[in-house]
Visitor: 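Dumping the structure here so I can ask a few things about it.
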Amino acid sequence: VGRDRVICGLSGGVDSSVVAALLHEAIGEQLTCVFVDTGLMREGEGEQVDRVFRDYYNIPLIHRDASELFLGQLKGVSDPEQKRKIIGDTFMVVTQQLCERKGLKAEDVMLWVDWQSIYQDDKEEKMKGVRSLIKYATLCDYMLVPTEEETLTMYPGSIPGYGERSWCRVEYFIFSLAAEMCGRKRVPLYGIKRDGQLNQYPKVLVGHSDMPSHGALSNPADKALVQDLEDTMIEAYGKVIVEIKCKAGAGGKVLLNAKMIRDCHVEALCEAVNKYEVKELYLHKNQLGDAGAEAIAAMLRTNRSLTELHL
């Protein structure tokens, strides 16, 4: 952003709060946070957000209590989608008013920070959030999740409150796979507490029981959508990861254990093994099935480089 100013709209939730804290570390006084208290948070949370950002992080903050305005706009409205639209529209109007009052004109601001949540009842809104998450995952080297636990587990599926839910698991699943597809060796995961304390998890593993499709759903109708997202990510991931691993192990040993390799990946695997003249191939704990095994057998009949295959 150079020397331009940045406005970060704060909802008071973990995602926007983390973005604000990281932005402030990066650009300091160029950042101004705008926190609009809608009156829809838990009692005392608005004051807590104000206190944490002013006293703990020392971040410039514009804070307005607009609870009467929001609650008035929502009075008598019962439809969830209509409520969401009213809240979004009102939030933007109030934020714009506050920015103008402080002399922060939109044309003079380089970046408006916004987070698209995937916790939506509408399928298209969910997919907007997923697309936003995938874009975010390809740009960042770390991920943060809300937690109050003291001992941080190696398995994201075990994180209290967060890890049990399918849509939360979708977040880390997409993030971890996308990061590895971009060539990163490790995806650091951090837990952030309400008071702003940040702790890094040890090496994080995504086991079979941690898959998004095995998580809890408040809306059972989402089961097929979550499974489809999971399958789509695995299909894309497998085709990329076999190329990355075979290239790295060219002329020698390639470890592809527990990489969710399926029969749909075997063609890409065969091409990579032949291209990089892999001699030893390890495929333990994958998802090849009968079709995958038959495809591997067909590959062996034409391959000239492999001397060892471990399944």
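Counting from 1, the numbers follow the sequence of the chain as shown.
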Visitor: Are L283 and I296 close enough that some pair of their side-chain heavy atoms sits under 4.5 Å apart?
Guide: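 They are in contact (side-chain heavy atoms under 4.5 Å apart), so the answer is yes.
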Visitor: For a quick check under 3.5 Å, do Y282 and E280 share a side-chain donor-acceptor pair by atom type?
Guide: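 Distance-only check passes for Y282 and E280.
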Visitor: Go through the side-chain N and O atoms of H310 and E308 and say whether any donor and acceptor fall under 3.5 Å apart.
Guide: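 Yes, side-chain donor-acceptor contact under 3.5 Å.
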Visitor: Assess whether atom CD of Q227 is packed by more than 12 heavy atoms of other residues, nucleotides or ligands within 6.0 Å.
Guide: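 Correct, the count exceeds 12.
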Visitor: For the pair N286 (side chain) and H284 (backbone), establish whether a donor and an acceptor sit closer than 3.5 Å, ignoring hydrogens and angles.
Guide: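 Judged by distance alone, yes, a pair lies under 3.5 Å.
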Visitor: Any ion pair linking K275 and E243 (charged N to carboxylate O, less than 4.0 Å)?
Guide: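 Yes.
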Visitor: Could you check whether any side-chain N or O of Q30 sits under 3.5 Å from a backbone N or O of V6, counting only pairs where one atom can act as donor and the other as acceptor?
Guide: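 Answer holds: no.
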Visitor: Does this structure show an ion pair linking R51 with E45, if we count only N-O contacts that are shorter than 4.0 Å?
Guide: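 Here R51 does not pair with E45 in a salt bridge, since their nearest N and O are not under 4.0 Å apart.
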Visitor: More than 12 non-hydrogen atoms from neighbouring residues, nucleotides or ligands closer than 6.0 Å to NZ on K259, yes or no?
Guide: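 Yes, the 6.0 Å shell around NZ holds more than 12 heavy atoms from other groups.
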Visitor: Output yes when a side-chain donor or acceptor of R54 lies under 3.5 Å from a complementary backbone atom of L61, and no otherwise.
Guide: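 Pair found, side chain donor or acceptor close to backbone of L61.
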Visitor: Could you walk me through whether N274 and N303 satisfy the side chain to side chain donor-acceptor pair (under 3.5 Å) test, starting with their C-alpha distance in whole Å, then the side-chain angles of each, then the deciding distance to 0.1 Å, before giving a yes or no?
Guide: CA-CA 7 Å; N274 291 331; N303 179 270; 2.6 Å; yes
Visitor: Is there a side-chain contact between L255 and K245 in this structure, where contact means two heavy atoms from C-beta onward sitting under 4.5 Å apart?
Guide: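 The answer is no, as the side chains (C-beta and beyond) never meet within the 4.5 Å cut-off.
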Visitor: Can any side-chain N or O of S67 pair as donor or acceptor with the backbone N or O of T38 at less than 3.5 Å?
Guide: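 It does not hold such a pair.
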